[in-house]
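Written below as structure tokens is the structure these notes are about.
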Amino acid sequence: MEQLSYKQLEKLLEGVLKPGRYIGNETGIKSKDISTDSDTESIVFTALVFPDIYEVGMSNLGIQILYDLINRNKNFSAERVFSPWFDFEDNLLKSDLKLFSLENRIFLDEFDIIGISLQHELMYTNALNILKLGKIKIKSADRDETDPLVCAGGPACFNPLPVAPFFDFFVIGDGEEAFIKVLDVLKEKKKNKKSKKWFFDNIREFEGIFIPDDYNFFYNDKGLLEKIEPERKIRKAVLKKIDDFDIVKNPVIANIKPVHDRFVCEIMRGCFRGCRFCQAGYIYRPVRYRDHEKLVSQCIEGIEKSGYDEISFLSLSSADYPGIEKLIDSFTAETKNEKISVSLPSMRLDSFSFNIARLIQRGRKTGLTFAPEAGTQLMRDAINKNIDKNEMLECMATAFREGWEKVKLYFMIGFPDETYEDILAIPELVKEILKMGRELLPGRKVGRIGINLSINAFCPKPFTPFQWAGQDPIEVLEDKFAMIVNHLPKKAVNVSWSDPRKSKLECAISKGDIRTAEAVERAFKKGARFDNWSEYFNFDVWENAFNESGLNMDFYTSRKMSKEEILYWDFIDTGIKKDFLIKENSKAEEILRSRKESDTKDL
Amino acid sequence: MENYKIRFKFQKINEFKYISHLETVRLLIMAARRSKIPIRYSEGFNPNPKLNFSFPVPVGLGSLAEYADMEVCEKIDLGRFVIDLNNNLGYGLKILDAVFHKEKLPSLMADISVIKYVFRLCFDDKSILEEYKNEIDSIKKEIKSIWMYEFSESQDDADIVYLNIFGYTKMLNDNKIFKFNDFLINLRYLSNNKNVGIMDFFKEEAYVIRGDILKTPMDIV
Ligand code: SF4
């Protein structure tokens, strides 16, 4: 296998801003050592690609899980590849060298298979760029038997069509069992020198495997999807017994500080809350909890092996893990000499989870996070975010009395049938909280009160009850946001806002179809990269790319799809029936209709 | 609780010369935690390990002589300390030596005054060596930050000559502070003109001054 030499690496690193991103050699590396295990013919080599920079990719749990799992098998070896930053890419191109993996510095095109993790739509161009830098043709149809297989997995793949032409196949759903099964077949292919066709024929029936070549999409003259052939649906892969796989106890420790620099333990997968806008809540079902006792012992082992002083109990909604307080208690009791701090990301705060916040922040009182998402109770009911305002305020009252000074609030705007009332309720709520804080905070702390308000644009997503909805046009979203800002108190509130053009693109691609892939390719060829990074995001490039592909972004974003329409992603079976989503959608519509009838202050 | 101070020396070479100082500190602390070394922490809400380093070597320059002082809560076995840490670190970051020290020593940052850098040079034509030496001498006079320099010829390879530069890291008399990267640019320019190849360079040792003598931070413990 061809590798980059150390001398070549040194040359490539000249003048590079953060050379530590490219050096590998981390603690926790598990790939096969190809200088000693010289029998490379009998080992299947996987490049695990995360198409963002090292610090971001090294914080992704999915990559660590697959890396650990693949490398535990003596027949397989996995190595990591991340997006190079612009300076390193320039050096690669100037020296005419191919992108390589971090462990053995194997050139990308030498691998048997390249698996790319797609977390969200705004990393698609980075994924294509990685292929290009590895001198691999970006389109599946242009690659032949000598090229590596290229596949994708991750949450964004639930609607695979906007990137379908670039991948030979997709693994949809949980990767643990599904990907290993694929590698087993690949091992046979390599050993017996079988064709790619033979390989596809042998993985086709597996759960979660989508091979784009197998499917055809027919449109009518209005540009609507008329038929998907064959009718066979792709059932997502589900890991049934999550405890069959231990958490990753000895992760690769990043050489330079990753964005999340802590030990991560996934305590459960899935979320039963059913917020109607939330794709993760639907695609990760069913909810699976890890066993309490096993978690405690695995986490202790993990903390010892990794050397971290912080642990994160990760899941979509960690406060919903049954016995979460007990879990934190048993873990902290066992590690009390080591000063390990605990964090729970994505906390849905109510009075119950406030106790947990108290538990984990142990006197530090850094801040409380609430995600009511919508301003009025009615809209919260419609989106099924069952946070009760009074309960929330009561919980904040307790917090203020105890001296917590900072509150973080998450809202979304642009929900279907949203009104002025919903929008104005947001600054009203903020004012109410501030007033309460000023009354309740102990004397000298009053001046330090602060609210961080984060506003995002609603983006209808496939496989949610709102999948048929249209997204508000950019101007409308901007008006709504301005309205919020105008009504906010000037002091003590800090508001941040996600770029609505980014949300629009995210929506256009996530609700996209096979035609969208052309726009993705064009945008990439026009230089789009790091679309998720505000400083590099260029909306005009994307708009032109859509137009030149004969597409109108609005067709995907603002158009309300009809319930009778065949949806582009209807051939993917997440285990949740479309009828159920329709019913959920009607419930939301009904709630909102009740208001329309009494009041017509529509925007 | 009793206090024990360990002074240790480590190398930062190969790939790890590309890791910044802050990242090196992070990696060493994590390795110490994995090795279950009872590091002392400062008091307060954000306890920090009691660990102090010598002046950071520039990113990209390998070093055979980085130093640090660490406080631990128990008198641990130093042999184990070195072995355990090295089992938890890659070869690029490797502990070379460790000693306990009792009396109050000046901090490494304040004490280290001179650093020795080694350049491995390749002369196609040895006859220009004198000329080259003169050029180095005029650089020394110009930049005022070199304590001394010396040339030594390689035993095994006739074309190779070592240039050792002792640069000041502190203002002592009327000297300036040696800036490695600036010097390297100068040296590259000079070597290019004279057709001399710079094959390799690294930081070999750090010194404190006692009397008029250079001593390593380990010597004075
Ligand atoms: S928004 Fe949070 S709580 Fe609601 S369904 Fe999604 S993950 Fe669960």
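Side chains are part of it too, since the values below use all heavy atoms of this structure and drop only hydrogens, waters and symmetry mates. Each chain gets a letter, A, B and so on, in the order its sequence line appears, and its residues count up from 1.
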Practice task
Sort A:K305 into side chain, backbone, both or neither according to what part of it lies under 4.5 angstrom from a heavy atom of chain B.
Solution key: backbone
Exercise for the section: Have a look at B:F119 and tell me which of B:Y162, B:F183, B:Y132 forms a ring pair (Phe, Tyr, Trp, His ring centres under 6.0 Å) with it. Expected result: B:F183
Handout entry: Axial cation check for B:Y149 ring with B:K140, 6.0 Å and 45° limits
Key = no
Completion exercise
Okay, A:D309 and chain B: the region with an atom under 4.5 Å from a heavy atom over there is both
Problem - Partner chain B: residue of A:R21, A:K18, A:R105, A:E14 with the largest heavy-atom pair count (under 4.5 Å) - result: A:R105
Exercise for the section: Mark yes or no: A:R80 above the aromatic ring of A:Y67, with NZ or CZ under 6.0 Å from the six-membered ring centre and no more than 45 degrees from the axis. Expected result: yes
Exercise for the section: Using only heavy-atom distances, determine whether the side chains of B:S35 and B:N88 contain a donor-acceptor pair under 3.5 Å. Expected result: yes
Practice task
Check whether any side-chain N or O of A:N104 sits under 3.5 Å from a backbone N or O of A:I106 as a donor-acceptor pair, and report yes or no.
Solution key: no
Handout entry: Per-residue contact mode, B:N14 against chain A (heavy atom under 4.5 angstrom)
Key = both
Problem - Lys NZ or Arg CZ of A:K98 over A:F107 ring: under 6.0 Å, within 45° - result: yes
Problem - Part of A:I256 lying under 4.5 Å from any heavy atom of chain B - result: both
Practice task
Give, as side chain, backbone, both or neither, the part of A:Y308 having an atom under 4.5 angstrom from any heavy atom of chain B.
Solution key: both
Fill in the blank from the handout: Given B:M30, B:K36, B:K17, the one with more heavy-atom pairs under 4.5 angstrom with chain A than any other is B:M30
